[in-house]
Each structure stands twice: as structure tokens, then as C-alpha cells.
Amino acid sequence: VNLVESGGGTVQPGGSLRLSCEASGGSISAYPMGWFRQAPGKERRFVAAMERSGGTTNYADAVQGRFTISRNGAKNTVYLQMNDLKPQDTAIYYCAARGGGAYFDRHEYDYWGQGTQVTVSS
């Protein structure tokens, strides 16, 4: 499956962005999906995940209550709504799909998008 992210940009602290991840070559409903982020000089880290059913979601502690993962099956697209953004949220955000395994482990994900830059700065 091919994944393409969009929606990144520069926003002031406290602002919002919605990232999109459009899939082709496969249905997002067939895969547990996740969002990760990587800041300069740091490892790629888990942000949010959604199971195949779409009914179970998980979040990193740092974004709990501020970010929401969702999907639109008709558009074959996964979203990450990000509210109350903070400078520490600045990173490249990646969408990914996995066949199974732990939702928070980036090594379990088989397919990755190219990433989209999010910068939070005043």
C-alpha cells in the first residue's frame, strides 16, 4: 500500500492543523494505522494509532487530549487532527500501516509515507 501525507505547515503555539494520509493500492480498513513523528536529531516516535476496526485508538502521553486520529473509508484516508499545538510538537509527521504487532513500535510498521513537516513557532 502506498501512503501520501499532506496538511503540514507552520502554525503558532495554540493553533491547529489536520494532517491527511491518503492510501492507494490497498484499503486502510485492512491495516492497523499509525502516526509517528521525528524531530531533528531524535528517533521516530509513536504519536497515535487506530486498529482495523476503527474502534480502538491509542495515543502517546504527550499528545493525549490534544490529537485525534480518525479515518474516512470512502476516501481511503486517515487523519490526525492536532489542536493546542506546542513548539515541542515540531517534527516531520509520518503515516504508517502495519500487519500486526505492537501499535507503538515503529519496527512493526511495514508501509510508510514520505512525511510532512509541522512547525510550531511564534
Side-chain angles (χ1 to χ4, degrees):
V1 61
N2 186 47
L3 304 172
V4 179
E5 302 97 334
S6 61
T10 300
V11 64
Q12 292 186 342
S16 298
L17 283 174
R18 188 178 77 159
L19 306 183
S20 299
C21 170
E22 184 173 1
S24 60
S27 171
I28 58 170
S29 299
Y31 298 92
M33 301 293 296
W35 286 95
F36 288 75
R37 65 186 182 186
Q38 188 167 16
K42 295 188 176 181
E43 291 186 344
R44 193 169 299 187
R45 294 183 175 177
F46 168 73
V47 175
M50 173 179 282
E51 294 303 315
R52 286 187 186 89
S53 67
T56 300
T57 57
N58 294 280
Y59 298 92
D61 289 345
V63 307
Q64 181 76 47
R66 300 188 297 123
F67 290 12
T68 303
I69 185 172
S70 63
R71 72 183 187 191
N72 183 324
K75 295 185 177 181
N76 213 25
T77 299
V78 177
Y79 303 98
L80 185 68
Q81 177 67 42
M82 307 186 295
N83 298 328
D84 190 23
L85 283 160
K86 306 176 186 300
Q88 54 263 42
D89 294 318
T90 295
I92 300 173
Y93 283 71
Y94 298 89
C95 173
R98 75 185 197 278
Y103 63 83
F104 52 83
D105 187 346
R106 68 182 188 273
H107 299 107
E108 297 286 357
Y109 287 77
D110 302 306
Y111 306 99
W112 292 86
Q114 83 290 349
T116 185
Q117 176 71 49
V118 171
T119 302
V120 184
S121 174
S122 55

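Tyr109 has its ring centre no less than 6.0 Å from the ring centre of Tyr94. Aromatic pair Trp35/Phe67: ring centres not closer than 6.0 Å.
The heavy-atom pair separating Leu85 from Met82 by the smallest distance is CD2-CB, 3.8 Å. Contact detail for Gln114 and Val4: the closest heavy-atom pair is OE1-CA, 3.7 Å. Ala91 and Ala39 make their closest contact through CB-N, 3.8 Å (heavy atoms, listed as atom of the first residue, atom of the second, distance). What you find for Met33 and Leu3 is that their closest heavy atoms are CE-CD2, 4.1 Å. Heavy atoms only, all atoms of each residue included: Asp84 and Asp89 are closest at O-OD2, 4.4 Å. In terms of heavy atoms, Ile69 sits closest to Met50 at O-CE, 3.5 Å.
At a threshold of 4.0 Å, the pair Asp105-Arg98 does not count as salt-bridged, since none of the basic side-chain nitrogens sits closer than that to a carboxylate oxygen.
For Gln38 (side chain) and Lys42 (main-chain N/O), a donor-acceptor pair under 3.5 Å exists by modelled atom type. Panel note: side chain Thr90, backbone Val120; a donor-acceptor pair is recorded below 3.5 Å. Listed for the Asp110 side chain is no donor-acceptor partner under 3.5 Å among the backbone atoms of Gly100. Gln12 places no side-chain N or O within donor-acceptor distance of the main-chain N or O of Ser122, the cut-off being under 3.5 Å. A donor-acceptor pair is defined here as one N or O able to donate and one able to accept, closer than 3.5 Å; no such pair exists between the side chain of Asn58 and the backbone of Ala49.
Partners of Arg44 under the salt bridge (Lys or Arg N to Asp or Glu O under 4.0 Å) rule, at least two apart in sequence or in another chain, do not exist in this structure.
Under the 3.5 Å distance criterion, with hydrogens and angles disregarded, a donor-acceptor pair is assigned to the side chains of Asn83 and Ser16. Side-chain N/O atoms of Tyr93 and Arg37 include a donor and acceptor closer than 3.5 Å.
By the neighbour-count criterion of 12 heavy atoms within 6.0 Å, atom NZ of Lys86 is densely surrounded, having more than that number from other residues, nucleotides or ligands.
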